[in-house]
Amino acid sequence: MGDAKAGFAYASQVCIECHAVRSGERVSPHTKAPAFELVANTRGMTDWALRVWFQSPHPSMPTLVLSEKQGDDVIAYILSLKNLR
């Protein structure tokens, strides 16, 4: 299980360049990068779905290599945004 606070800290340093990472933000700096809150509230979004998503290449997303802990933390943070709309 990840640490949502650590996930937010990581996202605020690495992901924020392209994604809206804060609660309540719906528009990302990069138009093709979904806001984390919207990702969290996508129907069927689960820990497992995010793990698969992180391991799949995305043409508009740079290749990021997250440690297992970083991945767990970012996933915990994203899922903490579920149902906040």
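Every heavy atom of this structure was used, including side-chain atoms; hydrogens, water molecules and symmetry mates were not.
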- Please report the closest heavy-atom contact between Pro29 and Glu17, naming both atoms and the distance. CB-O, 3.5 Å

- Item | Within-4.5 Å side-chain heavy-atom neighbours: Trp53 and Val39 | no

- Item | Closest contact, heavy atoms only, Leu38 versus Arg26 | CD1-O, 3.7 Å

- Query: Rounded to the nearest 0.5 Å, what separation is found between the NZ atom of Lys69 and the OH atom of Tyr10?
  - Reply: 12.0 Å

- In short, Val21 meets Ser12 closest at the heavy-atom pair CG2-OG, 4.3 Å

- Are any side-chain N or O atoms of Asn41 and backbone N or O atoms of Leu81, one a donor and one an acceptor, separated by less than 3.5 Å? yes

- Note, Arg51 side chain near Asp72 side chain (heavy atom, < 4.5 Å): yes

- Looking only at heavy atoms, what is the nearest atom pair of Gly71 and Phe54, with distance? O-CE1, 4.4 Å

- Message: Donor-acceptor pair, distance only, cut-off 3.5 Å: does the side chain of Asp73 make one with the backbone of Asp3?
- Response: yes

- Do Glu37 and Glu25 come within less than 4.5 Å of each other through their side chains, counting heavy atoms only? no

- Query: Residues in ring pair (Phe, Tyr, Trp, His ring centres under 6.0 Å) with Phe8, at least two apart?
  - Reply: Tyr77

- Message: Test your reading of the model: is there a side-chain donor-acceptor pair from Ser28 to the backbone of Ala20, 3.5 Å cut-off?
- Response: yes

